[in-house]
Amino acid sequence: MVESMVKCLMHEPFYTDGTYINEELGLWLGWANHAGSFSDCLPIWNEKKDICVLFSGEDFTDQADIDALRMRGHKFGSDDASYLVHLYEEMGFGFLEKLNGWFSGVLLDLREQKLVLFNDRYGVNRLYYYEDASGFYFSSEAKALLKVLPATRQLNLRSLGEVLCCEAVLQNRSLFSGISLLPAGSAWVISRGQPVKKKTYFKQESWEGQPELSESDFYEKLKETWTRVLPRYFRGKEPIGLSLTGGVDSRMILAWAHRPPGTLPCYTWGGTYRDCADVKIARRAAKLCRQPHNTIFVGAEFLSQFHDLAERAVYISDGTMDVTGSVDLYVQRLARQIAPVRVSGVCGGEILRRLVMFKPAPPQQCLFDPELERSFHNAAATYADELQGHRLSFTSFKQAPWYMASKFTVERSQVTYRTPYFDNDLVALAYQTPPKLLNNEPALRLIADGNQGLARIGTDRGIAFPSIPGITHALHQYQEFTFKAEYAYDYGMPQWLARLDHIFAPLRLEKLFLGRHKVAHFRVWYRDELSRCLREMLLDSDARSRSYLRANSLEKILKAHTSGQRNYAFEIHKILTLEFIQRKLIELN
C-alpha cells in the first residue's frame, strides 16, 4: 500500500524515494523528493537511532543556530536537512517554532512511542489526511490517498463549487470525500490505540498584536531585515537561478543578492507576439548587474504539448490548479535546465502590500447542474466570511495555502522553489507596516539603496525611483492602459466585443494587443490552435454525459467559442479541468 502511494508522488525521473516500516507501532511511511535537494537525506536518525525525522520542503533557520548544534557535539551533514533531528533533541517540540520555510514532515520518537505529523506555519506544504476505523492515513498529495482508499474517490459538492467559483477549496477541505487538509502550524501527535491529539505550535495572533511602526522606523527595520534574511535563500549545494520579472519584488532580490558577475542566471517567461514588458525590463536589469539572462518562450512547442501538460498539471495539483497550470509546468521544466533551484519574488505584493489575488467569479449560468450552480453562492458567502479580519493574515494564512499553493505544487514538482518574502522574520515585520507604506515606495527605496541603476529602470507599470515629474506619470498611465487593453482583448473580452472581433478576424487584431504583458493567451488559443484538442477531449460520449453539466450546454459553448463568436475561455478552463479530474483522479485512468 505504501509503495503504491509513493509511486503517485514520483512525478519525474530525477526523484528519489524510500520507505520505513515499523509494524510494532503500526506505522508505514514512504517519501519522494528531488535528488540532491535539501531533503534528499531521508530518513534522518539521531546517533542513538531512537528519533527519526522525515522532511519535505526546506528550512531557512539561521546558520548560527545550526552551527551551535555542532558545537554541542552533534554530527550531521552539510547543506541538507540532517540537522533537524538534533534540533528536536535540543529543543523538543519547540524546534517547530524555530523552523522557517515551507515544509511538512513526520517526527518519530521511539523513546515515547509516538509520531508527530507537522507542517509549516502557513500551511503551504499541504498534508492531506483521512481517518476511519482502519487507521489514520496521510499524504502530501491527495492522489496517494485516492489510490488506496476507493471510498474517497468522490467529489465533494461544496468543495467543487468553491473551485469553480473561487479557484480554490476553502477552509482546509479537499475536493474529495472525507479527505481534509492539516491546518497551518499543526503538530498532531499520534500514538497507537489513542485518538490523534490535534495540537498547533503557532498562532497568527502573536503577530497581529504587534504595534504599528512609524514610517521611518519601519523602513529602517525593513532594510535591516531584508539584508539579513536574503542570504539564507542562496545557501545550499545546488545551482540557483533567479526568476526575474519587470516588477519590483524580484528586482529587490537582484539589487541585494550581490552575486559575482556571471554566477546568477536569470530568466523570464516570453511569448510569441513580441518581447513582453517583463522580458525587456528583466534583460536590462540582468545586464546591468552583469548576470546572464534567458527568455523561456511559451509558443508553438508548448501548444503541441498542451494536452499532456494540462492533464499532468491537474493531476499533480490534485485538481486544485486548472489547466492554465500547463504553462507553469512547461516553463518550470525548462527553468530546471538552467538551475534546479528557483529563487523568485513571488508573494512580495501579497506580504508587503497585502494584495488579495483571488475572489469569487462564478462561471456563466445555464452551464452546470442547478445544484452545483447553487453552491457558487455558498462559496461566495464562505469567501466573504474568511476575508474578515486582518488582511495580511488572509493573504498569509488563507490565500497562500488555499489558493496559491496549487500553483506552487505544480511548479515545485520541477524545481526547488524559494521566495524570501515568506521568511518568518519578514512576515512578522510586515504586520507592523504603517498604512501609508502599503504600496511600492518601500520596495523602490530598497532597490535604490541596493543598486541605484536598477531603481532607475522603469517597472512593467512604468514606475521608477526617483520619479521624473510628468514623464514617470505618463509612462505609468500608458503601461496601465496597455495592461488593461490586453486583458480586455484576451481573457476578459466581453461577449459583444467577441462578436465584433469575429467580424474583423481577417485583420488579426490580436497582433496589435496581445503579448505586451502576458505570455499565455487562452481565449485565442482555444479558438485557433487548441480547438481540435478541445473537441477531441470534450465531445466524446463520456465528457458530454457528466452529471455536473447541463445537457447540450457543452457543445453550444465550444461551437460558439471556437467559431470566435463568443468568449467562454473561463468556462472551458473549468470544464476541461473537471474532465481531467474525472479521468485521472476519480477513475484513475
Side-chain angles (χ1 to χ4, degrees), residues 1-11 17-23 25-33 39 42-44 52-57 81 84 93 96 99 102-109 113-154 156 159 169 171-201 316-320 401-402 405-406 408-409 412-413 585:
M1 182 181 286
V2 168
E3 288 175 351
S4 67
M5 293 174 74
V6 169
K7 188 177 179 180
C8 294
L9 312 182
M10 298 289 289
H11 299 308
D17 66 307
T19 59
Y20 169 77
I21 296 173
N22 188 321
E23 294 193 24
L25 288 179
L27 178 64
W28 289 263
L29 297 171
W31 63 86
N33 50 42
S39 59
L42 307 182
I44 307 167
C52 178
V53 172
L54 302 182
F55 192 82
S56 172
L84 294 174
F93 283 142
L96 291 173
L99 300 187
W102 293 340
F103 56 82
S104 56
V106 170
L107 186 146
L108 174 62
D109 192 331
Q113 299 286 287
K114 68 181 180 184
L115 178 143
V116 181
L117 188 63
F118 62 87
N119 62 351
D120 63 78
R121 63 182 62 191
Y122 310 101
V124 171
N125 245 52
R126 290 171 168 170
L127 274 176
Y128 295 88
Y129 70 93
Y130 175 87
E131 188 174 12
D132 64 12
S134 67
F136 183 89
Y137 304 81
F138 63 90
S139 175
S140 56
E141 299 182 19
K143 65 186 68 65
L145 300 178
L146 300 175
K147 181 72 174 178
V148 299
L149 299 167
T152 64
R153 294 201 287 269
Q154 301 178 54
N156 179 296
S159 299
V169 182
Q171 296 180 327
N172 296 323
R173 281 173 281 101
S174 84
L175 266 175
F176 308 102
S177 177
I179 298 177
S180 300
L181 277 173
L182 209 68
S186 288
W188 288 13
V189 181
I190 304 171
S191 302
R192 190 166 192 175
Q194 298 183 25
V196 177
K197 298 178 182 177
K198 300 180 179 180
K199 301 181 178 180
T200 58
Y201 67 87
I316 290 171
S317 69
D318 296 312
T320 56
W402 298 346
S406 301
F408 297 153
T409 299
R412 295 167 79 195
S413 72
L585 296 169

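Just so you know, these numbers come straight off a predicted model, no measurement behind them.
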Inset, instruction - Flag the pair Leu127 / Phe118 as yes when at least one side-chain heavy-atom distance between them is below 4.5 Å, and no otherwise. - result: no
Inset, instruction - Would you confirm whether the ring centroid of Phe55 sits within less than 6.0 angstrom of the ring centroid of Phe103? - result: yes
Legend entry - Residue pair Pro401 / Asp120, side-chain heavy-atom distance below 4.5 Å: no
Inset, instruction - Using the side-chain hydrogen bond (donor to acceptor under 3.5 Å, both in side chains) rule, take Arg126 and Ser406 through it: C-alpha gap first, then chi angles, then the decisive distance, then the call. - result: CA-CA 9 Å; Arg126 290 171 168 170; Ser406 301; 3.2 Å; yes
Inset, instruction - State the CG-CG distance between Leu182 and Asn119, to the nearest 0.5 angstrom. - result: 4.5 Å
Legend entry - Heavy-atom closest contact (Leu9 atom, Ala144 atom, distance): CD2-CB, 4.4 Å
Legend entry - Residue list, ring-ring contact (aromatic ring centres under 6.0 Å, His included) with Tyr128, at least two apart or on another chain: none
Legend entry - Which residues share a side chain to side chain contact (heavy atoms under 4.5 Å, CB included) with Val196, sequence neighbours left out: Glu131, Phe136, Trp188, Ile190, Lys198
Legend entry - Test side chain to side chain contact (heavy atoms under 4.5 Å, CB included) applied to Ser177 - qualifying residues, sequence neighbours left out: Gln154
Legend entry - Pairing residues for Lys7 by the side chain to side chain contact (heavy atoms under 4.5 Å, CB included) criterion, not counting sequence neighbours: none
Legend entry - Partner residues of Tyr20 under the ring-ring contact (aromatic ring centres under 6.0 Å, His included) criterion, sequence neighbours left out: Trp45
Legend entry - Atom pair CG/CD1 of Asn156 and Ile179 - distance to nearest 0.5 Å: 10.5 Å
Inset, instruction - Working to the nearest 0.5 Å, report the span between CE of Met5 and CG of Leu29. - result: 10.0 Å
Legend entry - Rounded distance (nearest 0.5 Å) linking atom OG of Ser186 with atom CG of Asn172: 8.0 Å
Legend entry - Nearest-0.5 Å distance, CZ of residue Arg192 to CG of residue Leu115: 13.0 Å
Legend entry - Rounded distance [0.5 Å steps], CG in Asn125 versus OG1 in Thr409: 8.0 Å
Legend entry - Ser317: side chain to side chain contact (heavy atoms under 4.5 Å, CB included) partners, not counting sequence neighbours: Thr320, Met321, Val410
